[in-house]
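This report concerns only the one structure given below.
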Amino acid sequence: MAFLRSLIFTIFQWSITPVFTVVSLLTFPFSRLTRYKIITTWSRWCIGAARVVCGIEYRVVGLENFPKAPCVILAKHQSAWETLAFQVLFPPQVWVMKREVLWIPFFGWGVAMLWPIAIDRKAGARALRQMAEEGRKRLDGGFYIVIFPEGTRVAPGERGAYHPGGAWLTVKAKALAVPVAHNAGECWRKNAFIKRPGLITVSVGKPIDSSGLSPAELNQRVEDWIENEMLRLPQLAALPSSNAPHGAAH
């Protein structure tokens, strides 16, 4: 049954992606926020299909912790689910990603219209400067910034190295950092065709003021909170949910 559900979901996703790519390119004359609202309909449909077809439910704890003003979201990275779901759960956002993502046919072309911060990971210090400069522009433009400090998807129960780039951007931009933990990988694993039904718990931590902190100190605080929260997720699954999107920021 899981195979059949996953097959139907994949066919649905593949079917709508080329259509939304064309739609995305046609949004070029509009404002960035209007483009965002139109293009991220694709993500909303995919998350809805994952729920209806694959049985992947979700609940959010701590959504009231989210700042009204743009900040930097530093999150656990386990699957492709959160890259879609965050667009449903959180205010308009951009992502820091490797520039190669923009070269992916259809998907990457659509992402390119969402004003991402695409960096060359091999560029070293130049990439950090680019992150800081473009990050400040995104925050000033009213967009939140999503960064996955581990840099790549990590299997449930495992812990990747938390790279300091996201914390460095946050400190340089004098922004708040919001840590986010979740267990999406238990239902939607890295590069796995099979999507398994279940309940994903997303936990939003209280904002961390980066003022007076070094990037290393902020990075450590974020890592400590996320990894400790990962251990608490089974308990949090029983708490009341706040699944509604952050309406005040949309």
Side-chain angles (χ1 to χ4, degrees), residues 10 12-47 50 70 72-154 160 163-170 172-173 175 180 184 188 190-192:
T10 300
F12 170 79
Q13 191 176 42
W14 285 358
S15 298
I16 68 171
T17 298
V19 175
F20 269 95
T21 298
V22 175
V23 171
S24 299
L25 296 176
L26 292 177
T27 64
F28 181 77
F30 303 133
S31 69
R32 292 189 177 99
L33 183 57
T34 299
R35 290 206 305 258
Y36 180 89
K37 291 179 177 179
I38 294 173
I39 296 171
T40 55
T41 301
W42 178 83
S43 301
R44 297 175 184 277
W45 285 18
C46 288
I47 290 298
V72 180
I73 303 166
L74 298 167
K76 188 72 177 176
H77 199 15
Q78 287 191 341
S79 78
W81 182 87
E82 61 267 19
T83 64
L84 305 177
F86 283 8
Q87 299 167 46
V88 177
L89 299 176
F90 302 148
Q93 63 209 241
V94 300
W95 308 277
V96 175
M97 61 182 65
K98 58 184 180 181
R99 63 180 182 178
E100 288 80 4
V101 171
L102 305 183
W103 304 341
I104 299 174
F106 301 118
F107 176 78
W109 305 340
V111 170
M113 299 297 293
L114 293 173
W115 207 26
I117 302 174
I119 62 172
D120 179 1
R121 289 183 174 179
K122 299 177 182 179
R126 182 162 55 86
L128 288 176
R129 289 194 298 271
Q130 177 193 353
M131 283 176 59
E133 293 171 3
E134 296 193 18
R136 186 70 265 171
K137 292 178 182 178
R138 299 329 188 254
L139 294 170
D140 290 343
F143 284 83
Y144 292 62
I145 299 174
V146 175
I147 301 176
F148 300 109
E150 290 167 293
T152 188
R153 289 168 288 181
V154 177
H163 303 290
W168 193 86
L169 184 156
T170 307
K172 293 298 181 182
V180 176
W188 188 325
K190 176 181 179 179
N191 298 328

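Positions are given from 1 along the sequence. Hydrogens, waters and symmetry mates play no part in the numbers below; they use all other heavy atoms, side chains included.
- In this structure, the separation between OG1 on Thr17 and CZ on Phe106 is 9.0 Å, given to the nearest 0.5 Å.
- Contact between Val154 and Gln78 at its shortest, heavy atoms only, is O-CG, 3.3 Å.
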Next on the checklist: Between Val94 and Glu134, is the side-chain contact (heavy atoms from CB on, under 4.5 Å) condition met? List the steps.
Outcome noted: CA-CA 11 Å; Val94 300; Glu134 296 193 18; over 6 Å; no
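- More than 12 heavy-atom neighbours from other residues, nucleotides or ligands sit within 6.0 angstrom of CH2 on Trp109.
- Residue Thr41 comes nearest to Ile38 through the heavy atom pair OG1-O, 3.0 Å, listed as atom of the first residue, atom of the second, then distance.
- Here Phe86 and Trp95 keep their ring centres 6.0 angstrom or further from each other.
- The backbone N or O of Pro116 sits less than 3.5 Å from a side-chain atom of Arg138, completing a donor-acceptor pair.
- Phe30 contributes atom CZ, which lies 13.0 Å from atom NZ of Lys37 (distance to the nearest 0.5 angstrom).
- The closest side-chain heavy-atom distance from Tyr36 to Gln87 is below 4.5 Å.
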Item to check | side-chain contact (heavy atoms from CB on, under 4.5 Å) between Tyr144 and Phe90, intermediate numbers included | outcome: CA-CA 9 Å; Tyr144 292 62; Phe90 302 148; over 6 Å; no
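- Taking the side chain to side chain donor-acceptor pair (under 3.5 Å) definition, one finds that Ser31 meets it with Thr34, sequence neighbours left out.
- Considering every non-hydrogen atom in both Gly165 and Met131, the closest pair reads O-CE, 3.3 Å.
- Summarising the geometry, atom CG belonging to Leu84 is positioned 8.0 Å from atom OG belonging to Ser79; distances are rounded to the nearest 0.5 Å.
- Between Lys137 and Glu133, no side-chain nitrogen of the basic residue sits less than 4.0 Å from a carboxylate oxygen of the acidic one, so the salt-bridge criterion is not met.
- The closest side-chain heavy-atom distance from Ile39 to Phe20 is not below 4.5 Å.
- For Thr40, there are no side chain to side chain donor-acceptor pair (under 3.5 Å) partners, not counting sequence neighbours.
- Closest approach of Leu102 to Ala118, counting heavy atoms only: CD1-CB, 3.6 Å.
- Every residue two or more places apart in sequence or in another chain that forms a salt bridge (Lys or Arg N to Asp or Glu O under 4.0 Å) with Arg136 is listed here: Asp140.
- Put simply, CD1 on Ile117 and CG on Leu169 are 6.0 Å apart, with the number rounded to the nearest 0.5 Å.
- Partners of Thr10 according to the side chain to side chain donor-acceptor pair (under 3.5 Å) rule, which considers only residues two or more places apart in sequence or in another chain, do not exist here.
- Between Phe148 and His77, the ring planes are parallel. Angles under 30° get that label, and only those over 60° would be called perpendicular.
- Listed by chain and number, the residues in a salt bridge (Lys or Arg N to Asp or Glu O under 4.0 Å) with Arg99 are Asp120 (sequence neighbours excluded).
- Between atom CE of residue Met97 and atom OG1 of residue Thr83 there is a gap of 9.0 Å, rounded to the nearest 0.5 Å.
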Item to check | Working for side-chain contact (heavy atoms from CB on, under 4.5 Å), residues Trp42 and Val19 | outcome: CA-CA 10 Å; Trp42 178 83; Val19 175; over 6 Å; no
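- Ser24 contributes no side-chain N or O that, together with a main-chain N or O of Gly110, makes up a donor-acceptor pair within less than 3.5 Å.
- Applying the side chain to side chain contact (heavy atoms under 4.5 Å, CB included) test to Ile104 and every residue at least two apart in sequence or in another chain returns Val101, Phe107.
- Rounding to the nearest 0.5 Å places OG1 of Thr152 at 7.0 Å from NZ of Lys98.
- What you find for Ile16 and Cys46 is that their closest heavy atoms are CD1-SG, 4.2 Å.
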